[in-house]
Amino acid sequence: MARSGTLSVHLLLVISLSAIVVAAGGRALPLNLLRGFERPGFSRSFHRIYDTSKYGIFQLNNGLAQTPQMGWNSWNFFACNISETVIKETADALVSTGLAKLGYVHVNIDDCWSTPKRNAKGELVADPKTFPSGIKALADYVHKQGLKLGIYSDAGIYTCQVRPGSLYHEENDAKQFASWGVDYLKYDNCYNLGIKPKDRYPPMLKALNATGRQILYSMCEWGVDDPALWAGKIGNSWRTTDDINDTWASMTTIADLNDKWAAYAGPGGWNDPDMLEVGNGGMTYQEYRAHFSIWALMKAPLLVGCDVRNMTAETYQLVSNEEVIAVNQDSLGVQGRKVNVSGTGGCSQVWAGPLSRRRLVVALWNRCSKAVSITAAWEALGLDSSTSVSIRDLWQHKDVAEDVASSFSAQVDAHDCHMYMLTPQTGSRAEI
Ligand code: GLA
């Protein structure tokens, strides 16, 4: 089990010299951000650190994913070994464990649900061996539990596991998904005939919209064509990287790649660093805690990828942390990012992001191979160094300090991650 680190607090009184609000790069900033995060309290670097200049420029207007989608997906644990029994039992488990109540409502079937060929009418068909009752019956079952059903197809002629893809069948396939009661489409990128994603992904959006059913559109083009730069108008989320696997190396690499696009996420459209591996066995408790913390902070879709029917208590404890989930689902919808690195190879890391009601989330992530003390300096967080904050530890579920200025530090175990909520107290220390 994880040991909790000790929190040491350094107080420093610095007079705030200026109270000028500066807009990053001279661009107009969205009012809701400007209103909360201004001086006194926040520093002139705040909008540069979090690059708020692009916030809200993308919002897919289908009313969905105002906060990152949460649920489960079959791929990471089951791959092609799926069936209607697995999907139903998973839906049952999401409800019985209480995860559904915490927001995990999407039950998403990934690749391998269909037969290798379309039927004589050109329709997609659920594999009769594994899904004998068909997708409509499964959607009805899932809906009765208060959950939503997701399905998978591909913006190419085949899926990655060589089932029929939806390229050139967008309209009919979307109609079929809608008629089955599907609520979510993950749209993959295999066998794409070398046609640009920008040409292959919009037709499915149009087809989904035309059905009149609200279907969350999750684009999976693996980040190949820098989707953050254009997908916000097309999908509710877009993968920014190649597939995750259940290792520390994969998870950390993906976190860094996804971080690059932080400025482009917002309500309605999210960067997707791929599904969670928490509970699949390839990482330690500390590494999974870091994985879950950083995915939550990055406003990633939180799609559990383990067998929720047989989760360990540790896995459940990680994915059910309501305070960490609240960070992910915060109404402001700004993706947190890496704001400071130190130590050998930059392995002592501070990640942070703004939250609604003038708060900040701060993660101290130790990517070194030994325990280290990590310091979050106000300068790196975009706070005036005189600003006094209270600090809550989101993993210990405790208020750990109040009236803290300038910086705070904690001892963090190897590969572990601490997560805190910082609430600035009224005004800056200089004012009090
Ligand atoms: C691709 C996707 C994965 C998964 C598999 C299924 O690799 O990126 O997330 O959907 O296909 O074949």
Side-chain angles (χ1 to χ4, degrees), residues 65 68-83 86-87 90 106-117 124 126-127 130-131 135 149-167 173 177 182-197 200-201 204 215-228 231 234-247 249-251 253-255 257-258 261 270-280 282 291 295 298 300-308:
Q69 62 265 35
M70 292 175 66
W72 171 86
N73 174 291
S74 56
W75 185 253
N76 282 355
F77 182 81
F78 292 96
C80 278
N81 302 314
I82 50 169
S83 66
V86 163
I87 305 298
T90 299
H106 292 284
V107 182
N108 295 347
I109 314 171
D110 208 280
D111 207 346
C112 301
W113 61 270
S114 74
T115 51
K117 289 220 165 82
L124 295 170
D127 188 329
T130 46
F131 292 85
I135 303 299
L149 189 74
I151 211 158
Y152 163 99
S153 190
D154 191 286
I157 54 173
Y158 301 110
T159 71
C160 299
Q161 302 302 316
V162 208
R163 308 303 199 268
S166 293
L167 186 66
D173 289 356
F177 297 148
V182 162
D183 307 290
Y184 184 120
L185 175 67
K186 171 174 170 180
Y187 205 41
D188 213 340
N189 195 32
C190 280
Y191 299 100
N192 58 44
L193 307 180
I195 305 167
K196 283 200 163 305
R200 286 178 293 109
Y201 281 83
M204 184 51 94
I215 301 179
L216 193 153
Y217 188 30
S218 155
M219 294 173 48
C220 178
E221 64 81 91
W222 316 318
V224 290
D225 217 9
D226 294 348
I234 296 164
N236 292 112
S237 62
W238 47 89
R239 282 271 300 276
T240 54
T241 71
D242 215 340
D243 291 6
I244 194 168
N245 61 54
D246 190 14
T247 62
S250 166
M251 187 270 286
T253 304
I254 283 184
L257 290 169
N258 192 65
W261 304 109
W270 308 103
N271 290 310
D272 178 3
D274 208 359
M275 303 167 294
L276 296 165
E277 290 285 9
V278 180
N280 282 334
H291 179 18
W295 260 235
M298 292 197 298
L302 293 182
L303 296 171
V304 171
C306 68
D307 182 0
V308 293

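Just so you know, ligand 1 is whichever comes first in the structure, and atom 1 is the first atom listed for that ligand.
A side-chain hydrogen bond (donor to acceptor under 3.5 Å, both in side chains) with Y152 holds for exactly one of D111, N73, D110; it is D111.
Listed by chain and number, W75, D110, D111, Y152, C160, Q161, K186, D188, C220, W222, R239, D243 each place a non-hydrogen atom less than 4.0 angstrom from ligand 1.
Taking S166 as the reference, S153, D173 meet the side chain to side chain donor-acceptor pair (under 3.5 Å) condition, with sequence neighbours excluded. Partners of D154 under the salt bridge (Lys or Arg N to Asp or Glu O under 4.0 Å) rule, at least two apart in sequence or in another chain, do not exist in this structure. In this structure, D226 has no salt bridge (Lys or Arg N to Asp or Glu O under 4.0 Å) partners at least two apart in sequence or on a different chain.
Looking at heavy atoms from C-beta onward, Q69 lies in side-chain contact with S237 at the 4.5 angstrom threshold.
Within the model, atoms CD1 of I151 and NZ of K186 stand 13.0 Å from one another, a figure rounded to the nearest 0.5 Å.
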